[in-house]
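A short write-up of the structure that comes next.
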Amino acid sequence: MPPKKKPKNVDMKLNFDFYNVPCYNLANFLLGKLLVRRIGDDILKGRIVETECYLGGEDKASRSFGGRRTTANEPMYMQPGTAYVYMTYGMYHCFNISSAGPGAAVLLRAIHPIENIDIMTEFRGKNCKSKSKKFKIDELGNGPSKLCMSMSIDKETSNKLDLCTSDTLWIEEDLDYDNDFKTVISSRIGIDSVGEEWAKKPLRFYILGDSSVSKRDKQAENQFLDLPKS
DNA sequence: AAATCGATGCTCT
DNA sequence: GAGCATCGATTTT
């Protein structure tokens with residue numbers, strides 16, 4: 001049987017039903033999809049290759065841990081598909097998407113540049129602290145703040161956007177991508193201070209073998225999985 | 001290849 | 001005042 005072909009003349013923007021699933025499922029389903037950003041007349045696209053779950057409630061690493069709710073983390077409680085963009089370390093941004101479940105969201109950790117890579121490179125340099133640095137393709141999206149720089153995503157322009165209806169930021173199917181990839185599940189990055197129990201939980205997902213993944217886990221790669229893709 | 005370390009300002013206590 | 005869901009440069013195996 002040949003793989004099912006989807007028609008190209010339909011709106012591939014993913015809708016509310018895609019986002020309205022538990023955090024763990026959304027983090028998995030986002031892999032292989034395209035993150036799309038429109039800047040004026042330019043359309044930037046990158047394939048999502050690495051994600052992390054932040055569950056809220058019991059999750060000590062989550063900014064909504066214990067039901068904590070402030071004006072800053074409000075998007076984590078908004079309807080599934082809402083963008084949650086926050087600044088960290090005073091100079092970098094992280095981009096999350098709220099899922100089903102109170103205070104639950106998925107962090108996008110890495111994208112693989114696909115379309116208008118030259119413009120992404122330009123934004124990457126413009127938003128980078130050090131001037132006139134040259135970037136390889138895999139340095140454009142291999143980290144949560146790097147992808148924000150390359151896609152020109154920040155709190156001011158993108159926080160609280162509804163990805164289901166926004167015409168500047170959304171997710172869509174990648175019709176040209178062979179979705180037959182293997183998925184690696186590993187521990188999350190940069191949260192060691194919350195203690196071993198939650199720091200080690202298997203809540204990070206990435207596409208095995210993709211060159212834009214921010215950090216590989218060779219132990220976990222021995223147990224890669226064929227997870228359902230939607 | 002891995003470990004270390006400074007930058008830099010917002011958010012919450 | 002403390003602590004960052006990071007990055008990039010420098011230093012060490």
Side-chain angles (χ1 to χ4, degrees), chain A residues 23-24 26-28 30-31 35 46 48-77 82-99 101 103-111 113 120-121 123-160 185-206 211-219 221:
Chain A
C23 198
Y24 194 86
L26 182 58
N28 175 36
L30 281 167
L31 294 180
L35 175 64
I48 298 168
V49 297
E50 182 180 352
T51 60
E52 279 180 3
C53 300
Y54 285 88
L55 305 173
E58 297 295 295
D59 182 359
K60 282 187 161 179
S62 177
R63 296 170 109 89
S64 53
F65 168 63
R68 188 165 69 90
R69 190 165 178 165
T70 66
T71 54
N73 72 4
E74 176 66 18
M76 299 188 87
Y77 294 89
T82 303
Y84 169 40
V85 182
Y86 65 85
M87 180 171 274
T88 187
Y89 294 97
M91 55 192 134
Y92 298 118
H93 291 280
C94 288
F95 170 45
N96 305 253
I97 303 171
S98 78
S99 69
V106 176
L107 169 71
L108 265 53
R109 279 200 61 89
I111 61 170
M120 292 175 65
T121 304
F123 279 124
R124 179 78 167 85
K126 194 181 298 181
N127 293 311
C128 182
K129 198 172 39 170
S130 57
K131 201 69 178 168
S132 70
K133 176 171 154 53
K134 283 291 181 184
F135 295 101
K136 299 176 205 158
I137 287 189
D138 287 333
E139 292 176 314
L140 298 179
N142 64 340
S145 299
K146 295 179 192 177
L147 74 86
C148 284
M149 292 186 239
S150 296
M151 299 295 266
S152 195
I153 292 171
D154 58 32
K155 187 171 177 178
E156 192 173 322
T157 62
S158 308
N159 192 38
K160 294 189 178 179
I185 304 183
S186 177
S187 54
R188 295 175 292 181
I189 305 296
I191 55 163
D192 287 339
S193 65
V194 305
E196 238 188 43
E197 185 191 351
W198 279 94
K200 288 197 169 169
K201 287 203 184 286
L203 294 171
R204 182 169 69 107
F205 296 68
Y206 67 87
S211 56
S212 286
V213 167
S214 70
K215 189 175 182 189
R216 295 179 55 184
D217 179 341
K218 291 187 179 172
Q219 294 280 7
E221 289 188 6

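The figures here come from the full heavy-atom set of this structure, side chains too, leaving out hydrogens, waters and symmetry mates. Numbers restart at 1 for each chain; the letters A, B, ... are given by sequence-line order, proteins then strands.
In this structure Glu74(A) satisfies the side chain to side chain contact (heavy atoms under 4.5 Å, CB included) test together with Arg69(A), Met78(A), Lys160(A), sequence neighbours excluded. Residues meeting the ring pair (Phe, Tyr, Trp, His ring centres under 6.0 Å) test with Phe123(A), sequence neighbours left out: none. By the ring pair (Phe, Tyr, Trp, His ring centres under 6.0 Å) test, Phe95(A) pairs with no residue at all, sequence neighbours left out. With sequence neighbours left out, Tyr24(A) forms a ring pair (Phe, Tyr, Trp, His ring centres under 6.0 Å) with Phe205(A). Listed by chain and residue number, Val49(A), His112(A), Pro113(A), Asp138(A), Asp210(A) satisfy the side chain to side chain contact (heavy atoms under 4.5 Å, CB included) test with Ser212(A) (two or more places apart in sequence, or in another chain). The side chain to side chain contact (heavy atoms under 4.5 Å, CB included) check on Asp154(A) picks up His93(A), Glu156(A), Thr157(A), with sequence neighbours excluded. Here Lys200(A) pairs with Glu196(A) under the side chain to side chain contact (heavy atoms under 4.5 Å, CB included) rule; sequence neighbours left out.
Residues Glu221(A) and Tyr206(A) bring a donor and an acceptor atom of their side chains to less than 3.5 Å of each other.
Of all heavy-atom pairs spanning Ala83(A) and Ser158(A), the tightest one is CB-O, 3.4 Å. Taking all atoms of both residues into account, the shortest heavy-atom contact from Pro75(A) to Ser98(A) is O-CB, 3.6 Å.
Between Met149(A) and Ser193(A), the one whose closest nucleotide on DNA chain C sits nearer the 5' end is Ser193(A).
To the nearest 0.5 Å, atoms CZ (Phe135(A)) and CG (Asn142(A)) are separated by 10.5 Å.
Nucleic acid contact for Arg124(A): sugar-phosphate only, since backbone atoms but no base atoms lie under 4.0 Å from a heavy atom of the residue. Within 4.0 Å of Leu107(A), counting heavy atoms only, lies at least one base atom of the nucleic acid.
For the pair Ile111(A) and Met151(A), the minimum side-chain heavy-atom distance is below 4.5 Å. Two residues are said to be in side-chain contact when any heavy atoms from C-beta on lie closer than 4.5 Å; Trp198(A) and Ile191(A) fail this criterion. Contact check for Ile97(A) versus Leu30(A): side-chain heavy atoms found under the 4.5 Å cut-off.
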How does DNA chain B look in dot-bracket notation if pairs are Watson-Crick or G-U with both distances under 3.5 Å, crossing ones as [ ], other-strand ones as |?
-> |||||||.||||.

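Classification of Arg188(A) and Glu52(A) as a salt-bridged pair fails, no side-chain N sitting under 4.0 Å from a carboxylate O.
You can see that DNA chain C meets the heavy atoms of chain A within a 4.0 Å-exclusive cut from dC4(C) to dA9(C), reading 5' to 3'.
The stretch residues 137-147 of chain A touches DNA chain C through Gly143(A), Pro144(A), Ser145(A), Lys146(A), each having a heavy atom under 4.0 angstrom from the strand. Within residues 57-72 of chain A, the residues having any heavy atom under 4.0 Å from DNA chain B are, by residue number, Arg68(A), Thr70(A), Ala72(A).
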Polar-atom pairs under 3.5 Å, protein N or O versus N or O of nucleotides 1-8 of chain B: list them with distances, or write none.
from, atom 1, to, atom 2, distance (Å)
dT8(B), O2, Tyr89(A), O, 2.8

